[in-house]
Visitor: 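My questions all concern the structure below.
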Amino acid sequence: LEAVRHFQLALMNEPGSVQILNNIGLAFAKMQDFSSAYEWYEKAYKEDTRDVETLFSLAWVERKRQRYLHARELFQKVLDMQPDHQKAMYLLADILKTAQDYDGAVWHFECLVKLDPYSIDGHVSLAQCYEQ
């Protein structure tokens, strides 16, 4: 909480700083307060809607909050902006796999292992999809 207080003080000197807003979001995420984390990441994203990593953080937090439909949309937006974003690709595919959308999951996992042939998680998850 002390970190958040200092980040908020810094924010008073630099209102709208995406970096500071993201740091506050991260501090809340580290405390497992994902609702507050989402709120701060969303503020950061509104300051710069081209910031892929802030958008990824929003999607990641939504996944942690088990808001899978929204997380899925946000991860897809990340991939629209940066098609080779491997973490977004994996997490989107994992959401699809959990929702039993195996065709969608396979497509994303296959893209992932093409980008990173050494991705153990990608290969294991792809194998699990093929087992279904």
Side-chain angles (χ1 to χ4, degrees):
L1 219 47
E2 194 64 19
V4 170
R5 188 174 74 77
H6 284 284
F7 283 131
Q8 288 175 327
L9 288 171
L11 192 61
M12 289 170 59
N13 293 317
E14 203 175 325
S17 165
V18 172
Q19 180 182 2
I20 295 170
L21 292 166
N22 276 327
N23 280 324
I24 296 171
L26 180 59
F28 278 112
K30 286 180 177 178
M31 293 186 284
Q32 307 291 302
D33 181 349
F34 297 115
S35 293
S36 295
Y38 183 86
E39 179 184 325
W40 288 96
Y41 283 133
E42 186 176 45
K43 288 178 184 179
Y45 183 66
K46 286 179 179 175
E47 291 294 327
D48 182 2
T49 57
R50 295 162 297 149
D51 187 332
V52 174
E53 288 311 309
T54 299
L55 183 58
F56 175 81
S57 295
L58 269 175
W60 180 84
V61 166
E62 283 295 77
R63 182 174 176 268
K64 293 299 270 184
R65 294 169 73 190
Q66 299 180 346
R67 298 184 62 188
Y68 299 116
L69 188 59
H70 192 224
R72 191 172 154 173
E73 293 170 8
L74 294 174
F75 283 129
Q76 186 57 61
K77 263 177 108 168
V78 169
L79 292 171
D80 290 345
M81 293 168 70
Q82 186 180 328
D84 63 347
H85 196 292
Q86 293 180 27
K87 290 178 187 173
M89 197 175 295
Y90 176 81
L91 293 173
L92 175 57
D94 189 60
I95 289 171
L96 295 170
K97 181 179 85 165
T98 302
Q100 298 181 342
D101 176 355
Y102 297 112
D103 291 339
V106 163
W107 191 87
H108 284 89
F109 284 132
E110 283 182 346
C111 289
L112 175 65
V113 297
K114 283 178 188 163
L115 285 172
D116 180 8
Y118 301 103
S119 171
I120 294 169
D121 290 336
H123 285 290
V124 168
S125 296
L126 192 53
Q128 290 169 340
C129 288
Y130 283 128
E131 286 180 330
Q132 298 306 317

Visitor: Are Ser36 and Asp33 close enough that a side-chain donor and a side-chain acceptor fall under 3.5 Å?
Guide: yes

Visitor: Does the side chain of His70 reach to within under 4.5 Å of the side chain of Tyr68, using non-hydrogen atoms?
Guide: no

Visitor: For Gly16 versus Leu11, what's the shortest heavy-atom pair and its separation?
Guide: N-CD1, 4.0 Å

Visitor: Using links of under 4.5 Å between side-chain heavy atoms of ILVMFWY residues, direct or through other members, which residues join Ile120 in one cluster?
Guide: Val124

Visitor: Transitive ILVMFWY cluster of Leu9 at side-chain heavy atoms under 4.5 Å: who else is in it?
Guide: Met12

Visitor: Between Lys43 and Glu47, is there a side-chain N and carboxylate O pair less than 4.0 Å apart?
Guide: no

Visitor: Kindly compute the distance separating NZ (Lys97) from CD (Gln132), expressed to the nearest 0.5 Å.
Guide: 8.5 Å

Visitor: Would you indicate whether Gln19, at its atom CD, is surrounded by more than 12 heavy atoms from other residues, nucleotides or ligands within a distance under 6.0 Å?
Guide: no

Visitor: Taking all non-hydrogen atoms of both residues into account, name the closest pair between Val106 and Cys129 and its distance.
Guide: CG2-CB, 3.5 Å

Visitor: Among residues two or more places apart or on two chains, list those pairs meeting salt bridge (charged side-chain N to carboxylate O under 4.0 Å, His left out) that have a residue in residues 69-79.
Guide: Arg72-Asp101

Visitor: Under the side chain to side chain contact (heavy atoms under 4.5 Å, CB included) test, which residues partner Val113, sequence neighbours left out?
Guide: His123, Leu126

Visitor: Quick test of your reading: applying salt bridge (charged side-chain N to carboxylate O under 4.0 Å, His left out), list the pairs with at least one residue in residues 52-63, sequence neighbours left out, ordered by first then second residue.
Guide: Glu62-Arg65, Glu62-Arg67, Arg63-Asp94

Visitor: Parallel, tilted or perpendicular: which describes the rings of Trp60 and Phe34, with under 30° parallel and over 60° perpendicular?
Guide: perpendicular

Visitor: Give, for atom CD of Gln66 and atom OG1 of Thr98, the distance between the pair rounded to the nearest 0.5 Å.
Guide: 10.5 Å

Visitor: Measure the OG1-CG distance between Thr54 and Asn22 for me, rounded to the nearest 0.5 Å.
Guide: 3.5 Å

Visitor: Please list, chain by chain and in numerical order, all residues satisfying ring-ring contact (aromatic ring centres under 6.0 Å, His included) with Tyr90, sequence neighbours excluded.
Guide: Phe109

Visitor: Measuring from Leu74:CG to Tyr41:OH, what's the distance to the nearest 0.5 Å?
Guide: 13.5 Å

Visitor: Calculate, to the nearest 0.5 Å, the distance between atoms OH and CG belonging to Tyr45 and Leu58 respectively.
Guide: 8.0 Å

